[in-house]
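Report on one structure; see the data block that follows.
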Amino acid sequence: MTSEPDSPPYHNALRVSRRHVPLATRQRARSNTVSDGCMQQLSGKMNLCGFCGHEGHLLCTRCKKMSYCSVMCQNEDWKAHRHICKSFEAEERGIHAFASSPESKLVNSTIISRNLLKDLTMTKVVKGEEFQAIVMEFYSPAQFFLLKKIPEVTEAMQIISAELQKSPSCVNPYMPNLGEICIVQFSSDMQWYRGQVLSLDEEQKMVEILYIDFGNKENVPVNRIRALCPNMAKFSPCATECYVAGVVPMSCNWSDICSTAVRQLLQGHEVTAWVIETSVHGHGVDVMTSSGQLLSSFLLEHSFAKEPIKDQTEGDIQTLRASSIDCIRHCSNGQDDDGGTPLPCSVTPEVGTSLSVVVTHIHSPDDIIVQNIENAGLIQDLQLQLRDHCSLASNTPNFRPSPGTVCCAQFSEDKLWYRAKILYYSSEEHLCVFYIDFGNIEEVHQACLRPIGPDLLSLPVQALSFSLAGVQPVGGRWSEASLLAFQQRLSNRILNAKILDVHNGKPLVTLTDHASDPEANIAEMLISAGYASLGPVAPNADQETVADKVAEPLKWSSFELPPKGQTAVLLSTVVNHPQDFYCYVNSPAEEQRRSQLKAELTRHCEQDTLPFMPKVGEPCCAMSPSDGSWSRAIVKELTEDKLKVEFMDYGYTLMTEKDHIRSITPQLLTLPFHAVHCFLTVVQTALEEVMVELAQYCCDYRKRGPAPDYSALVSGAACCAQFSADNQWYRAVVLDVGVNEVKVIYADYGNMETIPLSMILPIPQHLLHLPFQIVRCSLAVDNLYGAEWTEYVTELFESVMLSNVLATVRSFDGTSNVLSLSLPAEIGSGDVIDFLLDSLLNHTREMHSPTVEQRDKKSMSDEDQCQVQNAHQYPTQTRKKITAIQPGAHDGCCCESLKAKIEHLEQMMVQKLSLLMELIERKSGS
């Protein structure tokens, strides 16, 4: 990594602010790539990756402040992070002078007293130097290690090896610090070598080590690490860390194919290397391969790399600062060709909201720009859409958007596209733009603009502007020192923000850094450092009394779909049938609103614990019995101990307990109810048209058609059948043909009946173009073991199917759709098969209870009871003999009813055994 040059605070903040593009592809710095060793493993804390927003336990070894989740994210982020990555060594050198200053109360530093890489005597590498070397380890073109073939290095390695084997075994083990140079016992030969600590896992007592004299890495236990001998610090690392200079990867990082190909080409081979550029964390070199080709040329030739793009210069920043807003009146007058694309809507969190935010840009404690961590996925999707959109859109010289409008702008640092608002024209060809999702400003060329589409404006503005509550500047204005210290403490940090109030349209917040130890309140730190004094937490003029909130009437509305002829992407929530189902709009903007609403409902209901009893037709907050989440609902019915409510954001209705109801505020009803009640008009219209045409056809056939040929009627044939209940004609399929009767199933409704042949007519082909509206299905039961469904199970299954179950198609077995069924929430949810199994087990217990036995005994005849009593007087074998003899001994008493019951019980036992085996397999599988 290169050291960041001194720069004004504004320059630093501007460059930093663009780094927070969650999961966005970034242009890597051509000569500065952080390896997987330059990070720290944190334990016991929840840190988020500074690039993608996911959980990250690795720390940048230079500044020891920025967390990452992987090497890829650290490599991607270095382009921006390098501008704020201040060397930890530089902080250590100035820590004593800094301790007495106010900044010391804002910036945490830790003194490392052990041997670090900087403590070693480093060999000076001169730009333009040429040397012969062996490639010891090759990880990627961004990181590989060369061992110079010179006598000095060979002699140093011999001395180091001899000295390290003398005394380490007599030194007690200890826990090293991050970045420390230690003596480490290598796993392969159990010899001692010098190693640098890359990461620590204090819980597992494991350390990741980079062997600085060879370049290889491994994880070792703590008990194989010793402190570095003082006489070993005079030797510089024998392996030189390098990267390929002059090229950058084609995408965000070097591909595995590229790294593997170059590793096979170079690792272990002797090469000639030229130093192109130098830094304290590596040297940019170009290497001559064995074929006589430069490594940079090899990468370019095989499309593994491309030439780097020039970085933004300090002159560009100065031009931006010197731009006057008066230029806009001269340069942009009459040049607006974009039609005035408006700014997307902004979503301001409600008062009382607590959320995790990442600081993207800082103007002052009164103007802090943040992003909500929960929206990282939405921002990622937006970046992909912007990339695809701008790759197809071409630039035209006449495209000159007017100030205040929105377009796509290409950020100069990573060459990616972002949503930007035009501020003003600084010259004929340059504009000043404001990146609406990140809060920073820069000057861009007119060629770096593209028109923006309406679909890219659906997501609300992601940059939130907060003001720190409870503080005010000393002397009436924030000093340069206070702004610098504030930026150093907050830039690129993930904080917890709680909104206390809104003043002049801007939320007043408290900011807490949970990652610091102890937990830090930013306002208190500003005050203790002498940069701020205690100020009002929330202005009284803007405060709303509780009485005002209670007195505000409740008003609500339902979501409206686009007008007729327009399309919308919908996601179904409840489906009863094609004429009765509920959906909500599936878009990133609506998903963000639903997520924020859910969080606000949860906070409100957790704080509001007072009893509440709404009236029928009034809105409220209701707890979902399935997952315990809170949703908006309307009361439909009241009973003594329960309420029937309709969940208005989803569309389903169920009974709930009274203690699962909370009051609702007008603010929670601001958004329309998400669920939209829908029905399919096309299916109904088509079926109705077929029914009308079918009725006309059958009427005409009866009057003028020939007599039907019933001899050709076979099972499976389609026909017209006259339903006996209403004498209307319907499409049907023949199931069985008798002498004078036919059993049919009505193909659009599913009911069956047996009707006379006179109520059957042939059906023409054109009436079969519309597919039958019923679907043949079967339950997804794997093993029935040859058993048949009993009457009890069939009746129970039929009653369940009338309860609006949720069906999921698993497969098609050639004749029917195999389904798995779930019970509706109002009757307990769960799988239908599990419900049937539980019901069968309960039914079995009831069948064998004394009450049932006595009831069955009363229903027996006197001779049956006598036979059973006699059978119980003998042992088992004798009982069998008597049972076999008695039917012949008692003429006219064959106990047919008893035999039928036994057969019925046997059939039920086989069925129950089959389902019991199914239950056991399900339990063992789960």
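Please read all numbers here as calculations on a predicted model, not as lab measurements. In this chain, numbering begins with 1 at the start of the sequence shown.
- Between the CD atom of Gln667 and the CD atom of Glu350 there is a distance of 6.0 Å, given to the nearest 0.5 Å.
- Distance check, rounded to the nearest 0.5 Å: CD1 of Ile368 to CD1 of Ile522 gives 8.5 Å.
- Taking both residues in full, the closest heavy atoms of Lys421 and Gly404 are given as CE-CA, 3.8 Å, listed atom of the first, atom of the second, then distance.
- A donor-acceptor pair is defined here as one N or O able to donate and one able to accept, closer than 3.5 Å; no such pair exists between the side chain of Asn372 and the backbone of Asn375.
- Here Arg662 pairs with nothing under the side chain to side chain donor-acceptor pair (under 3.5 Å) rule; sequence neighbours left out.
- Remark: the backbone N or O of Thr512 is not paired with any side-chain donor or acceptor of Asn496 at under 3.5 angstrom.
- Using a 4.5 Å heavy-atom threshold, the side chains of Pro365 and Leu483 count as touching.
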Check: Can Val471 and Trp478 be said to form a side chain to side chain contact (heavy atoms under 4.5 Å, CB included), step by step?
Finding: CA-CA 11 Å; Val471 295; Trp478 299 105; 4.3 Å; yes
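- Rounded to the nearest 0.5 angstrom, Thr510 OG1 and Leu500 CG are separated by 5.0 Å.
- Between the Glu442 side chain and the Ser412 main chain, a donor and an acceptor come within less than 3.5 Å of each other.
- You'll find the side chain of Asn440 stays beyond 4.5 Å of the side chain of Thr360, heavy atoms only.
- When every heavy atom of Leu601 is checked against every heavy atom of Cys621, the shortest pair comes out as CD2-SG, 3.7 Å.
- Note that CG of Leu511 is 12.0 Å distant from CE of Met525, once rounded to the nearest 0.5 Å.
- Counting heavy atoms from C-beta on, the side chains of Leu355 and Glu374 never come closer than 4.5 Å.
- Taking Glu591 as the reference, Arg594 meet the side chain to side chain donor-acceptor pair (under 3.5 Å) condition, with sequence neighbours excluded.
- One finds a salt bridge joining Asp367 and Lys506 here, because a Lys/Arg side-chain nitrogen approaches an Asp/Glu carboxylate oxygen to under 4.0 Å.
- Checking side-chain atoms of Gln410 against main-chain N and O of Lys415 turns up a donor-acceptor pair under 3.5 Å.
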Note to self: Between Phe438 and Tyr418, is the ring pair (Phe, Tyr, Trp, His ring centres under 6.0 Å) condition met? List the steps.
What the structure shows: CA-CA 9 Å; Phe438 298 88; Tyr418 302 93; 5.6 Å; yes
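- The shortest heavy-atom contact between Lys498 and Gly352 is CE-O, 4.4 Å.
- Here the straight-line distance linking atom CG of Leu457 with atom CG of Leu459 works out to 9.5 Å at 0.5 Å rounding.
- A distance-only check finds no donor-acceptor pair linking the side chain of Gln462 to the backbone of Val370 [under 3.5 Å].
- The ring-ring contact (aromatic ring centres under 6.0 Å, His included) check on His604 picks up nothing, with sequence neighbours excluded.
- More than 12 heavy atoms of other residues, nucleotides or ligands sit less than 6.0 Å from atom CD of Glu590.
- The side-chain heavy atoms of Val357 and Val509, taken from C-beta on, include no pair separated by under 4.5 Å.
- Across all non-hydrogen atoms, the minimal contact from Ile499 to Pro507 is CG2-CB, 3.9 Å.
- Nearest approach of Ala409 to Leu449, heavy atoms of both residues: CB-CD2, 3.9 Å.
- Annotation: side chain of Val197 is not in contact with side chain of Asn177 (no heavy-atom distance under 4.5 Å).
- The shortest heavy-atom contact between Pro672 and Asp649 is O-OD1, 4.3 Å.
- Panel note: side chain Arg632, backbone Pro619; no donor-acceptor pair is recorded below 3.5 Å.
- The shortest distance between side-chain heavy atoms of Pro401 and Tyr425 falls below 4.5 Å.
- Residues Arg419 and Pro344 form a side-chain contact, since some pair of their non-hydrogen atoms from C-beta on lies under 4.5 Å apart.
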Next item on the list: Could you walk me through whether Leu468 and Phe486 pass the side chain to side chain contact (heavy atoms under 4.5 Å, CB included) test, one step at a time?
Entry: CA-CA 11 Å; Leu468 189 62; Phe486 192 68; 4.3 Å; yes
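- The structure places CG of Leu456 at 12.5 Å from CH2 of Trp417, a figure rounded to the nearest 0.5 Å.
- Side chains of Leu382 and Asp437 form a contact here, defined as non-hydrogen atoms less than 4.5 Å apart.
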